[in-house]
Amino acid sequence: MTDAVRHIPITRLKGVGPAQSQKLEKLGIRTLQDLLLHLPHRFEDRTKITPIFDLKLDQGAVIEGEIMTSKIQFGRRRSLLVTLRDPSGQVGIRFFHFSKAQQTAINQLSKMRCFGIPRRGQSGLELYHPDYSDAAKATLASTLTPVYPVTEGVSQNLLRRLIQQAMTLPEIKAGLPTLIPYSPYPDLIPCIQHLHMPPKEADTEALTLGLDPRQRVLALEELTAHQIGLLSFKRQLSFRVAPALKPDEKRIRNFSTHLGFTLTGAQQRVIEEIATDLGQNHPMLRLIQGDVGSGKTVVAAYAALIALSAGHQVAVMAPTEILAEQHLQTFTAWFAPLSIEPVLLTGKLNSPTRKTRLASLATGEAQLLIGTHALFQDEVQFRDLGLIIIDEQHRFGVNQRMALRDKGRRSDSTPHQLIMTATPIPRTLTMTVYASMDCSIIDELPPGRQKIQTKVVASTRRTEIMTRLEIACRDGAQAYWVCTLIETSETLRAQAAEVVLSELQERLPALKIAMVHGRMHQREKAEVMSDFQAGKIHILVATTVIEVGVDVPNASFMVIENAERLGLTQLHQLRGRVGRGQQESYCLLLYDPPLGKLSKQRLAVLRDSQDGFHIAEQDLAMRGPGDVLGERQSGDVVFKIADLRRDEDLIPKAHHLAQTLIASSENQAAALIRRWGGAIEEYQEA
Ligand code: ADP
Ligand code: MG
């Protein structure tokens with residue numbers, strides 16, 4: 001196969017018409033290459049005949065025997081029972097669905113050969129609906145038989161036939177040279193052949209676990225292609241021009257004096273890294289990782305100040321309106337002494353206000369814009385955007401493309417970009433998903449933070465918890481009560497919050513209790529949040545909209561319902577809303593009993609640790625990388641063969657190979673990108 005196979009539609013194969021190809025598409029199979037990379041998840045050994053006596057429960061086997069009896073049984077369900085006998089013993093074969101014609105055909109056979117999986121049945125071990133044929137005409141498989149992930153309308157047999165057919169095409173027989181230097185397998189076709197149809201003596205355990213060296217070669221190629229995509233994206237960026245911004249020392253000192261606290265060492269270090277980047281004449285693309293509460297906002301403010309003082313506009317993007325609103329307040333307060341007034345742009349502004357704000361951006365009158373993703377709409381035009389700051393972001397695929405958009409381009413200049421995330425990302429993942437960025441880590445919390453007392457509590461103890469809350473609130477504490485309902489709509493989440501709100505109001509009439517959720521109007525939400533911030537509300541019932549960023553230092557109590565249903569990283573983020581002030585803070589993780597063993601372990605990680613990196617590593621160990629990155633992330637990086645967790649050890653290797661190939665063999669690097677295509681290519685097109 002040449003790499004042309006990537007473009008040959010699956011309809012080239014005999015027997016695949018429009019209807020069939022639509023079904024195959026559900027498995028992601030559109031081209032011959034897709035088909036070849038659709039690997040089996042297990043194998044059956046149909047290469048030899050097993051004596052009936054040696055059949056084992058749940059282990060598929062081929063048997064051959066004389067048909068002793070064949071009769072319909074009327075039990076709870078009508079079935080056709082055929083008894084087969086060989087010299088070693090006999091076994092029942094049962095069909096629940098069968099036609100008259102089928103029954104007649106079976107009756108005419110003298111010997112039957114069949115493959116099935118022995119299960120416990122009425123007459124001892126039985127085979128249900130095996131693949132069967134006339135023993136006189138049957139042949140044994142020469143290789144192991146693949147079992148594929150399938151979907152409705154696509155049978156195992158269809159996939160097996162198509163792959164066999166594909167293997168005979170001249171394009172495939174021509175071979176496919178490995179693009180990785182010094183590979184033990186110079187041609188990928190024999191590897192692919194082996195992965196679909198391994199010889200009988202193959203190590204099926206390694207194959208099913210994805211550890212066969214031939215599969216690892218494919219995975220390494222794919223990861224390398226991905227790395228090349230990211231690295232060349234980074235390089236393209238370095239060819240672009242950005243304004244070189246020099247900090248205005250006087251203004252910065254002035255800002256620091258008004259701040260009211262001293263920066264931590266980590267904050268200072270990261271601000272210096274940013275300042276160095278901003279001083280270059282090509283665009284910065286820097287990711288700041290800092291645990292919740294580590295003080296990322298003020299770092300962003302310093303970055304903004306550098307750009308603003310140099311006369312450029314700055315845009316700050318937050319993921320939610322609540323957070324945009326909060327940033328507006330924070331930046332307004334911090335920048336007031338410097339006479340910089342931020343403006344807000346969210347999706348819900350009325351149109352006259354929106355028009356005026358857009359106009360002030362276009363003229364450059366508005367210097368600092370804060371908003372949600374509404375900020376990236378085409379109609380938002382800047383006079384001279386120098387820096388984009390994205391807070392609490394997870395969707396990096398999208399970001400990287402945004403970095404190169406023409407927004408804010410005056411002449412040929414591209415804005416600098418700073419991305420902040422509270423999701424601590426394990427190192428190998430940083431290398432994979434974020435290889436195109438420079439990373440800074442804020443690994444120090446501001447002084448005086450208290451440990452958050454975390455407890456795992458059964459939801460049956462609600463009344464007790466409410467009593468405790470009441471006492472705490474009377475002493476001046478404020479609390480979050482987080483309702484979590486995953487996998488349902490925002491409307492359902494809102495309803496759940498309503499129920500909890502009225503429950504709490506009824507039980508705790510002396511307290512002021514309010515609610516925020518994603519269905520509320522922007523203005524209502526902002527009002528509730530500012531009341532909460534001002535201490536006018538004791539308990540804030542919230543959906544996970546408060547997950548990111550919200551900063552109310554006096555809030556010291558948090559109850560999270562159905563904690564067992566959330567990811568550890570998400571729980572850690574939620575918990576980070578408390579423990580921001582000087583007082584002792586509490587987080588109660590409520591679960592619906594009984595709690596499974598794994599859930600217990602997971603919640604214990606959170607109870608025992610407050611280190612976001614440690615928690616993320618544990619989350620990764622207990623679940624898949626997709627979970628650590630959050631659901632929003634999934635879909636951004638989709639690999640055909642590689643699995644970030646299983647193939648973790650290949651990542652540094654792929655990174656190194658990518659660097660070597662880019663430096664020494666650009667054609668080969670480009671060929672790799674073309675071969676693995678898809679999501680990877682988008683980086684190139686950005
Ligand atoms: P996050 O990193 O989660 O976004 P924030 O930027 O919201 O954290 O900061 C959390 C709180 O800590 C804020 O109230 C902020 O003003 C405060 N803060 C930030 N840096 C410091 C510091 N160096 N000393 C004291 N308080 C700080
Ligand atoms: Mg924040």
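Both counts, for ligands and for their atoms, begin at 1 and track the order of listing. All residue numbers in this chain count up from 1 along the given sequence. All values below were derived from every heavy atom in this structure, side-chain atoms included, with hydrogens, water molecules and symmetry-related copies excluded.
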(message) Out of all atoms in ligand 1, which are within 4.0 Å of some heavy atom of T297? Include the element for each.
(response) 4 (O), 5 (P), 6 (O), 7 (O)
(request) For P446, counting its heavy atoms only, list the atoms of ligand 1 lying under 4.0 Å from any of them. (result) 20 (N), 21 (C), 22 (C), 24 (N), 25 (C), 26 (N), 27 (C)
(request) State the atoms of ligand 1, each with its element, that fall below the 4.0 Å cut-off from a heavy-atom position in T262. (result) 22 (C), 23 (N), 24 (N)
(message) Applying a heavy-atom cut-off of 4.0 Å, say which part of M420 lies close to ligand 1: side chain, backbone, both or neither.
(response) neither
(request) Please identify which atoms of ligand 1 are closer than 4.0 Å to at least one heavy atom of T264. (result) 23 (N)
(message) According to salt bridge (charged side-chain N to carboxylate O under 4.0 Å, His left out), who are the partners of R474, at least two apart in sequence or on a separate chain?
(response) E470
(message) For D391, is there an ion pair with K296 - N to carboxylate O distance below 4.0 angstrom?
(response) no
(message) I'd like to know if the side chain of Y586 pairs up with that of T454 as donor and acceptor (distance under 3.5 Å, no hydrogens or angles considered).
(response) no
(request) Identify which of E444, Q326, K296 has a heavy atom lying nearest to atom 1 (P) of ligand 1. (result) K296
(request) Measure the spacing between CG of L285 and CZ of R240 and express it to the nearest 0.5 Å. (result) 12.0 Å
(message) Below 3.5 Å, N or O to N or O, backbone or side chain included: is there any such pair between F261 and ligand 1?
(response) no
(message) Does L263 form a side-chain contact (heavy atoms from CB on, under 4.5 Å) with V299? I'd like the steps, not just the answer.
(response) CA-CA 9 Å; L263 296 174; V299 170; 6.0 Å; no
(request) Identify, by atom number and element, the atoms of ligand 1 in contact range of V292, meaning under 4.0 Å from any of its heavy atoms. (result) 3 (O)
(request) Just jot down the ligand 1 atoms closer than 4.0 angstrom to any heavy atom of D551, in number order. (result) 11 (C), 13 (C), 14 (O)
(request) Taking atom types as modelled, find out whether Q313 and D384 have a side-chain donor-acceptor pair closer than 3.5 angstrom. (result) no
(request) Under 4.0 Å from a heavy atom of G295: give me the atoms of ligand 1 that qualify, with their elements. (result) 1 (P), 2 (O), 5 (P), 6 (O), 8 (O), 9 (O), 19 (C)
(request) For L263, take its heavy atoms, then give the atoms of ligand 1 lying under 4.0 Å from any of them. (result) 23 (N)
(request) For the pair R462 and E561, find out whether any cationic side-chain nitrogen is under 4.0 Å from an anionic carboxylate oxygen. (result) yes
(request) Answer with yes or no whether G290 contacts ligand 1, where contact means a heavy atom under 4.0 Å from a ligand atom. (result) no
(message) Within a 6.0 Å radius of atom CD on E584, are there more than 12 heavy atoms belonging to other residues, nucleotides or ligands?
(response) yes
